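All figures in this text were calculated on a predicted structure; none of them were measured in a lab. Just so you know, residue 1 is the first one in the sequence shown, and it goes up from there.
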Amino acid sequence: MKHLIIGQGLAGTLVAYELLKRKEDFIVIDQQPEFSSSKVANGLFNPINGRRMVVSRNADGFLKKVEESYLGIEELIGQKIYHLQNTLQFFNTVKELNDFSIKQETASFLKYINPNPKPEPNLKNF
């Protein structure tokens, strides 16, 4: 064995996939907890992150690599796992909403959001 991967959450799975592509030996050890961040997030990724809603550095390159990896895993396992979905952002304060509104004016931020989403039928605005 050449590599030992501790945990098969999202990161462990992607490391294992990269090692498989390189035909390198590895073993994965995972406790399979009932609740883990990878199970809860279920592979969710977003180029805008953090409390301050910052666009990740090299977001385009990151998203290209994520798509390439997920599609490669789909081919390997013969099952669809890559599903593009919209996410909703909830704001706790008026300040957060105002900060978001200001960021919408920048091209680098606007590229990754829909400033006029259609209303969700089961959600109420207060």
Less than 4.5 Å apart, any side-chain heavy atom of D60 and any of Y112? yes

Answer with yes or no whether the hydrophobic clustering places I6 together with L14; edges join I, L, V, M, F, W, Y residues whose side-chain heavy atoms lie under 4.5 Å apart. no

d(I27 CD1, L4 CG) to nearest 0.5 Å is 7.0 Å

Check for me, please, whether L10 and I29 land in the same ILVMFWY cluster - side-chain distances under 4.5 Å, paths through other members count. no

Separation between CG (L44) and NE2 (H83), nearest 0.5 Å, reads 13.0 Å

Taken to the nearest 0.5 Å, the spacing of R22 CZ from H3 NE2 works out to 8.0 Å

Co-membership, hydrophobic cluster, residues L71 and I77, 4.5 Å side-chain: yes

Who are the salt bridge (Lys or Arg N to Asp or Glu O under 4.0 Å) partners of E105, not counting sequence neighbours? none

Same hydrophobic cluster for L76 and V66, using side-chain heavy-atom links shorter than 4.5 Å among ILVMFWY? yes

Please check if atom NZ in K21 has more than 12 non-hydrogen atoms from other residues, nucleotides or ligands closer than 6.0 Å. yes

Residues that K2 engages under side-chain contact (heavy atoms from CB on, under 4.5 Å), provided they are two or more places apart: E24, D25

Side-chain contact, heavy-atom cut-off 4.5 Å: I48 with S56? no

What distance separates L19 CG from I5 CD1, expressed to the nearest 0.5 Å? 5.0 Å

Is there a path of hydrophobic side-chain contacts, each under 4.5 Å between heavy atoms of I, L, V, M, F, W or Y residues, that connects Y82 with Y17? yes

Report yes if the side chains of F26 and L20 come closer than 4.5 Å at any heavy-atom pair, otherwise no. yes

Pairs touching residues 67-77 that satisfy side chain to side chain donor-acceptor pair (under 3.5 Å), sequence neighbours left out: K65-E68

Do the non-hydrogen side-chain atoms of L110 and T106 ever get within less than 4.5 Å of each other? no

Taken in chain and number order and not counting sequence neighbours, the residues that satisfy side chain to side chain donor-acceptor pair (under 3.5 Å) with N46 are none

Tell me, do V55 and N49 make a side-chain contact under 4.5 Å, heavy atoms counted? no

Rounded distance (nearest 0.5 Å) linking atom CG of N98 with atom CZ of F91: 9.5 Å

For F109 together with F100, are the ring centres under 6.0 Å from each other? yes

Just jot down the side-chain contact (heavy atoms from CB on, under 4.5 Å) partners of D30, sequence neighbours excluded, or say none. Q8, Q32, P33

Going by side chain to side chain donor-acceptor pair (under 3.5 Å), name the pairs with one or both residues in residues 86-97, residues two or more places apart or in two chains. K95-D99

